[in-house]
Amino acid sequence: MHHLIPAPRRADGDGGRGFVPDGATTITAGPGTGSTERWLRTTLGAAFGLPLAPGTADGEESANTIELCVDPALEPEGYRLGVVPARGVRITGGSPAGVFWGAQTLRQLLGPEAFRRAPVGQGVARAIPATEIEDGPRFGWRGLMLDVARHFTPKDGVLRMLDLLAAHKLNVFHFHLTDDQGWRVEIKRFPRLTEVGAWRARTKYGHRASELWDETPHGGFYTQDDIREIVAYAAERHIRVVPEIDIPGHSQAAVSAYPELGNTDVIDTSALSVWDTWGVNPNVLAPTDHTLRFFEGVFEELLDLFPAGTSPFIHVGGDECPKDQWKQSPTAQARIAELGLKDEDELQSWFIRHFDRWLTDRGRRLIGWDEILEGGIAEGAAVSSWQGYAGGIAAAESGHDVVMCPLQQVYLDYRQDAGPDEPMPIGYVRTLEDVYRFEPVPPGLSEEAAGHVLGTQVNVWTEVMQNRQRVDYQVFPRLAAFAEVAWSRLPAPGERDFAGFERRMETHYARLDALGVDYRPPTGPLPWQRRPGVLGRPIEGPPPIV
């Protein structure tokens with residue numbers, strides 16, 4: 001009836017004329033709903049040219065108001081939204097977050113015009129049909145990971161992405177801040193991390209096997225005040241930010257700035273620069289006390305920038321750490337012997353366990369990619385299961401919390417069609433329908449283990465996404481399908497009503513148009529969205545379930 005995305009748990013109503021916000025409409029905000037009140041005034045107020053003045057909560061039922069209140073009897077992120085003809089709208093949430101998600105639904109009910117920044121036509125809001133909606137999410141972790149290390153996203157682009165996550169009821173922003181190709185966060189005690197590590201001289205254009213280069217120097221970083229602004233902006237939208245500092249692999253940008261962090265007894269680390277191509281880099285951190293103290297200093301500043309109340313998890317990467325240099329390094333081998341470790345896998349585990357204890361002592365939780373299972377997982381660590389389901393299954397069955405993000409299903413840098421016009425085609429084909437049929441909890445997981453699945457996220461790696469338009473193209477419209485998977489309690493994948501979802505998407509495309517999103521149209525890429533002649537790495541056939 002309402003073409004809502006994600007689909008609500010229950011929506012009743014006769015479709016008759018309901019409520020039309022106008023110049024006299026107020027917002028009556030109960031305790032704890034201030035962030036939603038501010039958001040409604042700045043978004044709906046701007047879209048329709050309405051003042052939405054504060055209403056008075058005097059115990060009497062007010063007419064012509066949008067009433068916001070918290071009722072802890074509801075599930076924390078759940079909400080009820082009621083539209084009463086000639087009276088107004090009442091949104092009740094189980095927490096301030098629940099109220100906010102209810103307000104996102106109200107915006108959708110008001111039509112695509114509600115997603116514009118200024119009125120079109122007469123700026124008159126459409127009538128909201130009389131309706132009653134009850135809703136709440138399936139998962140508490142509904143996220144998107146944005147890689148800003150390979151290609152930098154300026155601060156305004158990050159704020160825009162947070163608005164797009166909120167519009168889809170997603171509540172986790174995984175902020176991939178460092179990699180071989182760039183260090184993106186200011187650390188005051190180590191200024192060379194951004195003076196040197198944030199910039200590269202040139203960039204591979206397309207897949208790493210491509211012969212093309214962009215010779216324009218590339219880089220950028222967020223000041224500490226930028227980070228504080230991003231975190232505060234996210235918190236206003238009830239989005240948690242999970243920062244990632246990738247260790248001990250994917251660290252060439254850090255080593256280029258501070259060569260003593262690398263395996264100096266194996267290679268001349270002073271000759272390294274920020275990496276300008278893609279793939280798994282052999283230059284990893286040295287397992288020394290100096291390296292540990294250095295990154296403790298990095299994390300000390302990071303914890304100040306990402307407060308525990310809004311960012312309880314800290315991501316440490318832990319993925320794709322080649323052990324060749326450690327095998328050749330007398331220093332690394334001495335460390336293995338000193339600690340009584342079996343091999344280099346256990347040395348990596350020791351490295352990650354150190355920071356698990358360090359973060360736990362400061363009231364935080366470590367999360368890492370599923371390679372942190374190798375050599376033994378730290379006691380309190382959570383796992384981002386990216387290589388498939390297997391790592392997440394193993395972690396959950398052993399009592400560790402898991403975020404499911406298997407590359408075969410929800411890597412949005414993967415191509416959306418097998419046609420020749422897909423720009424820089426990477427990986428398996430993952431269509432809108434494929435993402436809609438993704439199931440975060442694999443069959444066969446025990447009930448107890450399934451309770452350790454915190455939720456799910458999509459990952460957006462930006463090697464072949466040079467700018468906002470390319471990110472938009474890869475992320476949308478598939479993020480809408482993923483948002484429904486993460487929020488709604490859908491049937492089994494084969495029983496999901498994709499045709500119904502496509503019908504609702506017809507309205508949602510108009511919302512994305514109003515928001516200025518450069519999504520991939522259902523009919524295929526537009527001429528300016530193609531990148532003819534730029535090498536990708538397509539993988540044929542259906543992805544394996546591993």
Side-chain angles (χ1 to χ4, degrees), residues 2-5 18-30 32-56 62-68 79 81 83 88-91 93 96-129 154-171 173 229-239 468 472 476 479-480 483 507-519:
H2 301 304
H3 299 281
L4 297 174
I5 290 177
F19 171 68
V20 184
D22 58 27
T25 302
T26 60
I27 299 178
T28 304
T33 67
S35 61
T36 301
E37 178 188 17
R38 290 186 292 274
W39 181 84
L40 283 169
R41 193 165 287 122
T42 56
T43 53
L44 299 189
F48 298 115
L50 304 177
L52 297 178
T56 349
S62 305
N64 200 5
T65 193
I66 300 170
E67 185 179 358
L68 311 173
Y79 68 89
L81 185 153
V83 180
V89 178
R90 180 184 177 94
I91 300 173
V99 177
F100 184 71
W101 304 132
Q104 295 292 341
T105 297
L106 172 63
R107 189 186 195 186
Q108 291 197 19
L109 291 173
L110 284 163
E113 297 84 359
F115 291 79
R116 297 195 175 274
R117 296 184 184 183
V120 294
Q122 298 300 311
V124 177
R126 69 172 65 188
I128 312 170
K155 181 193 68 177
D156 285 352
V158 174
L159 301 180
R160 173 181 179 267
M161 181 60 76
L162 291 169
D163 280 330
L164 291 171
L165 296 188
H168 292 84
K169 297 187 174 76
L170 299 175
N171 68 344
F173 179 60
E229 180 183 356
I230 288 166
V231 170
Y233 195 87
E236 277 282 293
R237 286 146 185 79
H238 301 277
I239 296 171
R468 192 194 86 182
D472 276 8
F476 294 96
L479 192 71
T507 299
H508 200 67
Y509 285 122
R511 298 176 189 131
L512 296 178
D513 285 332
L515 287 166
V517 176
D518 293 302
Y519 58 86

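The figures that follow rest on heavy atoms only: side chains count, while hydrogens, waters and symmetry mates do not. Residue numbers run from 1 in the order of the sequence given.
At a threshold of 4.5 Å between non-hydrogen side-chain atoms, the residues Leu52 and Thr25 count as touching. In this structure the side chain of Pro21 never reaches within 4.5 angstrom of the side chain of Leu44, judged on heavy atoms. For the pair Phe48 and Asp22, the minimum side-chain heavy-atom distance is 4.5 Å or more. In this structure the side chain of Leu81 reaches within 4.5 angstrom of the side chain of Leu109, judged on heavy atoms. Within the 4.5 Å cutoff, the side chain of Trp39 has heavy atoms near those of the Arg107 side chain. Using a 4.5 Å heavy-atom cutoff, the side chains of Trp101 and Asn171 are in contact. Looking at Thr507 and Gln108, their side chains never come closer than 4.5 Å, going by heavy atoms from C-beta outward. A heavy-atom distance below 4.5 Å is found between the side chains of Asp513 and Tyr519.
Residues Ile5 and Ala480 approach most closely at CG2-O, 3.8 Å, considering heavy atoms. Annotation for Arg41 and Pro54: closest pair NH2-N, 3.7 Å, computed over non-hydrogen atoms. The heavy-atom pair separating Pro119 from Gly49 by the smallest distance is CG-N, 3.5 Å. The shortest heavy-atom contact between Ala514 and Pro112 is CB-O, 3.5 Å.
Note that Arg237 lies outside the cation-pi zone of Phe100, set by a 6.0 Å cut-off to the ring centre and a 45° limit from the axis.
With respect to the salt-bridge test (charged N to carboxylate O, under 4.0 angstrom), the residues Arg160 and Asp472 qualify.
Note that CD1 of Ile128 is 7.0 Å distant from CD1 of Ile66, once rounded to the nearest 0.5 Å. Here Leu170 contributes atom CG and Leu162 contributes atom CG; the two are 11.0 Å apart, rounded to the nearest 0.5 Å. Note that the CG atom of Asp156 and the CD1 atom of Ile230 stand 9.5 Å from one another [nearest 0.5 Å]. Summarising the geometry, atom CD belonging to Gln104 is positioned 8.5 Å from atom CG belonging to Leu40; distances are rounded to the nearest 0.5 Å. With rounding to the nearest 0.5 angstrom, the CG atom of Leu68 is 9.0 Å from the CG atom of Leu106. With rounding to the nearest 0.5 Å, the separation of OG1 in Thr33 from CZ in Arg38 is 9.0 Å.
Taking the six-membered ring for Trp and thresholds of 30 and 60 degrees, His168 and His508 have ring planes more than 60 degrees apart, a perpendicular arrangement.
The backbone N or O of Thr65 lies less than 3.5 Å from no partner atom in the side chain of Thr26, so there is not a single donor-acceptor pair.
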- prompt: For Val158 and Tyr233, what are the C-alpha separation, side-chain angles and deciding distance, and is it a side-chain contact (heavy atoms from CB on, under 4.5 Å)?
  reply: CA-CA 10 Å; Val158 174; Tyr233 195 87; over 6 Å; no
Candidate pair Asp518 and Phe476, rule side-chain contact (heavy atoms from CB on, under 4.5 Å), full reasoning
CA-CA 8 Å; Asp518 293 302; Phe476 294 96; over 6 Å; no
